[in-house]
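Working notes, structure below.
We count ligands from 1, going down the list as the structure has it; atoms in each ligand are counted the same way.
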Amino acid sequence: MNLASEQDIEAAAGCLRGGGVVAFPTETVYGLGANALDADAVAKVFAAKDRPSFDPLIVHTASIQAAWDLVDPATWEAQGPAMVTAQKLAEAFWPGPLTLVLPKAAAVPGIVTSGLPTVGLRVPGHALARQLIEQAGVPLAAPSANMFGAMSPTRAEHVTVPCDLVLDGGPCTTGVESTVVAFDAADQPVILRLGGLAVEAIEAVVGGSVQVLTLAEVESRLPEAGAVPGAVPGDPRVPGPGMLGKHYAPRTPLRLVERLGDVDPDEWHDRRVGLLSLAGDTGGGAGFAAVEALSPLGDLTAAAARLFDAMHRLDAAELELIVAEAVPEQGLGRAINDRLRRASTR
Ligand code: TXA
Ligand code: MG
């Protein structure tokens, strides 16, 4: 590990101003950033990741005010209930692992939002990320810095996508991507992607329960979400991360089980199998070739911070199969289970 120096950050900022692509740390995962206001620069990000153009990018700013500058002014003037809730959430959780999907200002090019009228906005919690944005002097459109569909990078060493520069900011402290919150036709917040900010924390600020949309629900809401002109339910251009089952996946096949005790270890007794679970308890059974314990004390926030790191290690261990045990469905445990579920989809 070779943490970025002031000179490295200035070089990266200059590169971004010149239309380059830079991998940089955030508290959630490493991002692959480009000037969000420069369509040509953003196109390089899609190309580097081999990312389909229908999957919109999150725009990162250094301050709450800079984020609001990218929201459609008419939405501001109307001051509807969605904006009131959005402001409350931003004040409570920015900088941090929350992305708010709001009507976009004209300055945001269509390539960033895949043609959607909305833009995902986030002020990252990592100080180096904010410094980089500040010095570049432009907002950064940045997806996670992995090839499309693969596991997210939580260390600079995990970044394998081609880019002009990688800034090392150490291991990510949150470890799963931001929670993505949009607003429905009734101005109610809905969660499009579980992530590093717990649902419970959002509900405490909103003052009521908040719906977490499933893949099917994201699709069925497509027409009222405004979405892509001419799109129909089930259209692959549906806005939102729920649209693709398989995601966040290691190369090694991953099987998700509710409880390790429920499966017969004979199933894999003569194969090289790895275990990924909260406590790393093998149940006294089968000889696992590798074991990753996310948090022996059962701390789900700590477990989330280690999730992708552990998956990267298991993926490098030349296993035939990774068996992952689901974690309790609460706090960041929900985001962990979501990522494991998608990683196990073939
Ligand atoms: O923590 C994170 O969110 C990381 C760091 C780098 O900030 N970024 C990240 O970006 O995870 P990405 O591109 O891997 O995932 C962003 C998700 C996408 O699946 C996309 O569909 C959704 O956010 N998204 C972005 N803009 C949207 C919009 N206007 N409407 C609905 N969903 C949107
Ligand atoms: Mg991603």
Side-chain angles (χ1 to χ4, degrees), residues 22-34 36 42 45-46 48-61 70-72 93-104 108 110-126 129-130 132-133 139-154 158-159 161 167 169 172-184 190-197 213 215 218 221-222 225-228 236-249 304 308 335 338-339 342-343:
V22 171
F24 66 99
T26 82
E27 79 284 22
T28 57
V29 301
Y30 275 72
L32 189 67
V42 174
V45 171
F46 279 94
K49 278 191 61 130
D50 208 5
R51 179 175 174 119
S53 61
F54 56 71
D55 197 3
L57 305 185
I58 294 170
V59 177
H60 301 70
T61 62
L70 301 173
V71 174
D72 174 26
F93 301 119
W94 280 350
L98 167 72
T99 293
L100 291 170
V101 174
L102 293 165
K104 78 170 193 73
V108 181
I111 185 172
V112 172
T113 67
S114 301
L116 294 171
T118 53
V119 59
L121 297 167
R122 170 165 122 79
V123 180
H126 200 304
R130 293 198 305 280
L132 176 67
I133 298 165
L140 297 184
S144 49
N146 50 275
M147 294 307 285
F148 184 70
M151 289 182 289
S152 296
T154 54
H158 295 162
V159 177
V161 280
L167 282 184
C172 300
T173 53
T174 300
V176 288
E177 299 81 353
S178 60
T179 302
V180 179
V181 174
F183 294 87
D184 68 11
V190 290
I191 294 173
L192 297 184
R193 176 177 71 181
L194 292 161
L197 180 62
L213 296 194
L215 169 58
V218 170
R221 277 171 188 253
L222 180 58
V228 181
R237 292 174 298 170
V238 59
M243 64 187 176
L244 290 158
K246 182 175 186 297
H247 226 111
Y248 314 107
F308 284 119
D338 172 79
R339 300 303 186 269
R342 294 179 201 224

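Close approach of ligand 1 to Asp55 (heavy-atom distance below 4.0 Å) involves ligand atoms 18 (C), 19 (O), 20 (C), 21 (O). The distance from ligand 1 to the heavy atoms of Leu192 drops below 4.0 Å at these ligand atoms: 31 (C), 32 (N). Heavy-atom contacts of Thr28 reach the following atoms of ligand 1: 1 (O), 2 (C), 4 (C), 5 (C) (cutoff under 4.0 Å). Per-residue contacts place Leu116 under 4.0 angstrom from the following atoms of ligand 1 (heavy atoms of the residue considered): 28 (C), 29 (N), 30 (N). Applying the 4.0 Å criterion to heavy atoms of His60 picks out, from ligand 1, the atoms 5 (C), 6 (C), 7 (O). Every atom of ligand 1 with a heavy atom of Thr118 under 4.0 Å away is listed here by number and element: 28 (C), 29 (N), 30 (N).
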Which is it for Leu57 and Arg51 under the side-chain contact (heavy atoms from CB on, under 4.5 Å) test, yes or no, and what are the steps along the way? CA-CA 10 Å; Leu57 305 185; Arg51 179 175 174 119; 3.5 Å; yes
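One N or O on the side chain of Lys49 and one on the backbone of Ser144 form a donor-acceptor pair closer than 3.5 Å. Of the possible polar contacts, none joining the Tyr30 side chain to the Cys172 backbone as a donor-acceptor pair under 3.5 Å is found.
Put simply, Ser144 gets within reach of the Mg ion (ligand 2), with an N, O or S atom under 2.8 Å from it.
For atom 28 (C) of ligand 1, the nearest non-hydrogen atom from the set Val101, Val112, Asn146, Thr174 comes from Val101. Taking all heavy atoms of Gly120, Pro97, Ser144, Ala129 into account, the minimum distance to atom 9 (C) of ligand 1 is reached by Ser144.
Checked by distance only, ligand 1 and Tyr30 stay at 3.5 Å or farther apart across all their nitrogen or oxygen atoms.
Contacts of Arg193 with ligand 1, taken as heavy-atom pairs under 4.0 Å, involve the side chain alone. At a heavy-atom distance under 4.0 Å, only side-chain atoms of Arg51, from C-beta outward, approach ligand 1.
Not close to ligand 1: Thr113, with no non-hydrogen atom less than 4.0 angstrom away.
With a 4.5 Å cut-off on side-chain heavy atoms, Phe24 and His126 do not count as touching. A heavy-atom distance below 4.5 Å is not found between the side chains of Asn146 and His158. Between Phe93 and Thr179, every side-chain heavy-atom pair lies at or beyond the 4.5 Å cut-off. At least one side-chain heavy atom of Ile133 sits under 4.5 Å from a side-chain heavy atom of Pro124. Looking at heavy atoms from C-beta onward, Thr28 lies in side-chain contact with Arg122 at the 4.5 angstrom threshold.
The cationic group of Arg339 lies under 6.0 Å from the six-membered ring centre of Tyr248 and within 45° of the ring axis, placing it in a cation-pi geometry.
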